[in-house]
Peer 1: 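Let me begin by handing over the structure; questions about it come next.
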Amino acid sequence: MKSNQRKDKFGRTAGSAVITQGVLIAVILLLDYFTKSAVRNRDEFGRGITIIPDLLRFVYVKNEGAAFSILSGYRIGLIVVSALAIVIAAFILCRMYKGNQTVMFGIAMVIAGGLGNLIDRVVFGFVTDMISFSFFPPVFNVADIAVTVGCMILIIHIIFFDLPKGNTVDNGQGKKEKQR
């Protein structure tokens with residue numbers, strides 16, 4: 001029996017691609033959950049554990065704000081904004097780019113990271129951070145890495161594939177112009 005569903009260049013249907021992204025989200029959420037749980041439940045992380053001297057440490061930090069601890073004290077606002085961003089990203093994943101595996105992968109990573117930090121914020125009132133590099137002041141976690149990598153994938157895709165040279169773009173005044 002043949003299926004009438006469209007398939008991507010790898011022979012997958014849109015439904016199987018969404019399942020693949022769901023598995024990716026689950027794996028990232030589990031990794032994020034277990035690393036945060038380990039840090040919260042072990043006293044030595046409070047003092048910090050040096051992994052690579054003068055480069056990498058694991059240290060338990062309670063982040064009550066957003067990135068770089070900005071907006072500390074606005075827990076409800078951060079929860080609402082995070083939840084809305086996740087819903088919008090999920091909509092885009094399922095509707096607008098269901099045939100584009102690169103975009104779906106990037107959005108799935110952003111969703112997973114957003115959910116990981118949202119769960120922390122709702123359950124504990126803060127986000128658990130633990131990864132500290134000596135050359136990069138903010139302490140971060142697995143969810144932050146997923147959001148960052150996902151955003152980088154999306155930005156690279158938009159710059160190099162969605163807006164190739166010669167295409168027209170909206171100039172903000174309702175007119176299309178040739179992109180340089």
Peer 1: Using the rule given for side chain to side chain contact (heavy atoms under 4.5 Å, CB included), can you reason through L115 versus L29, listing the C-alpha separation, both sets of side-chain angles and the distance that settles it, and then say yes or no?
Peer 2: CA-CA 7 Å; L115 277 173; L29 278 173; 3.8 Å; yes
Peer 1: Side-chain donor-acceptor contacts of residues 102-109 below 3.5 Å, not counting sequence neighbours, with atom names and distances?
Peer 2:
none

Peer 1: Out of curiosity, does I111 fall in the hydrophobic cluster containing I88 (side-chain heavy atoms, cut-off under 4.5 Å, transitive links)?
Peer 2: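 The answer is yes; both residues are in one hydrophobic cluster.
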Peer 1: Quick one: do Y33 and F140 end up in the same hydrophobic cluster if we chain Ile, Leu, Val, Met, Phe, Trp and Tyr together by side-chain heavy atoms under 4.5 Å apart?
Peer 2: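 Different hydrophobic clusters.
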Peer 1: Test side chain to side chain contact (heavy atoms under 4.5 Å, CB included) on R57 and M130; report intermediate values, then the result.
Peer 2: CA-CA 8 Å; R57 290 176 33 125; M130 81 287 295; over 6 Å; no
Peer 1: Given 3.5 Å as the limit, does a donor-acceptor pair link the side chain of D144 with the main chain of N141, or not?
Peer 2: yes
Peer 1: Would you say I145 ends up clustered with I25 if hydrophobic residues are merged whenever their side chains have heavy atoms under 4.5 Å apart, either directly or through other cluster members?
Peer 2: yes
Peer 1: Sequence neighbours left out, what pairs pass salt bridge (charged side-chain N to carboxylate O under 4.0 Å, His left out) with at least one residue falling in residues 23-41?
Peer 2: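 Found D32-K36, K36-D120, R40-D120.
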Peer 1: Can you name the closest pair of heavy atoms from V127 and R121 and give their distance?
Peer 2: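 Shortest heavy-atom separation between V127 and R121 comes out as CG2-NH2, 3.3 Å.
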Peer 1: About how many Å separate CZ of R47 and CZ of R42, when rounded to the nearest 0.5 Å?
Peer 2: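 If we round to the nearest 0.5 Å, R42:CZ and R47:CZ are 10.5 Å apart.
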Peer 1: How long is the gap from SG on C151 to CD1 on I156, to the nearest 0.5 Å?
Peer 2: 11.0 Å
Peer 1: For a side chain to side chain contact (heavy atoms under 4.5 Å, CB included) check, start with the C-alpha distance between S132 and L56, then their side-chain angles and the critical distance, and finish with the verdict.
Peer 2: CA-CA 6 Å; S132 175; L56 175 63; over 6 Å; no
Peer 1: Considering residues at least two apart in sequence or located in another chain, which fulfil the side-chain contact (heavy atoms from CB on, under 4.5 Å) criterion with L31?
Peer 2: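 T35, V142.
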Peer 1: Give the ring-plane orientation class for F124 versus F126, where under 30° counts as parallel, over 60° as perpendicular and anything between as tilted.
Peer 2: tilted
Peer 1: Please tell me whether M152 and I159 are part of a single hydrophobic cluster in this structure, the criterion being side-chain heavy atoms less than 4.5 Å apart.
Peer 2: no
Peer 1: Are more than 12 heavy atoms, taken from residues, nucleotides or ligands other than N41, located less than 6.0 Å from that residue's CG atom?
Peer 2: yes
Peer 1: Please report the C-alpha distance between V59 and V61 in whole Å, then the side-chain angles of each, then the deciding distance to 0.1 Å, and finally whether the side chain to side chain contact (heavy atoms under 4.5 Å, CB included) criterion is met.
Peer 2: CA-CA 6 Å; V59 60; V61 174; 4.2 Å; yes
Peer 1: Find out whether Y60 and V139 are in side-chain contact, i.e. whether some heavy atom of one side chain is under 4.5 Å from a heavy atom of the other.
Peer 2: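 Sidechains of V139 and Y60: no contact.
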Peer 1: Might you point out which heavy atoms bring N117 and A143 nearest each other, and give the distance in Å?
Peer 2: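 So the two residues come closest at OD1-CB, 3.4 Å.
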Peer 1: Do the ring planes of F45 and F58 sit parallel (below 30°), tilted (30 to 60°) or perpendicular (above 60°)?
Peer 2: tilted
Peer 1: Do you know the tightest heavy-atom contact between G114 and I86?
Peer 2: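 Shortest heavy-atom contact: C-CD1, 3.5 Å.
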Peer 1: What distance separates I51 CD1 from I131 CD1, expressed to the nearest 0.5 Å?
Peer 2: 10.0 Å
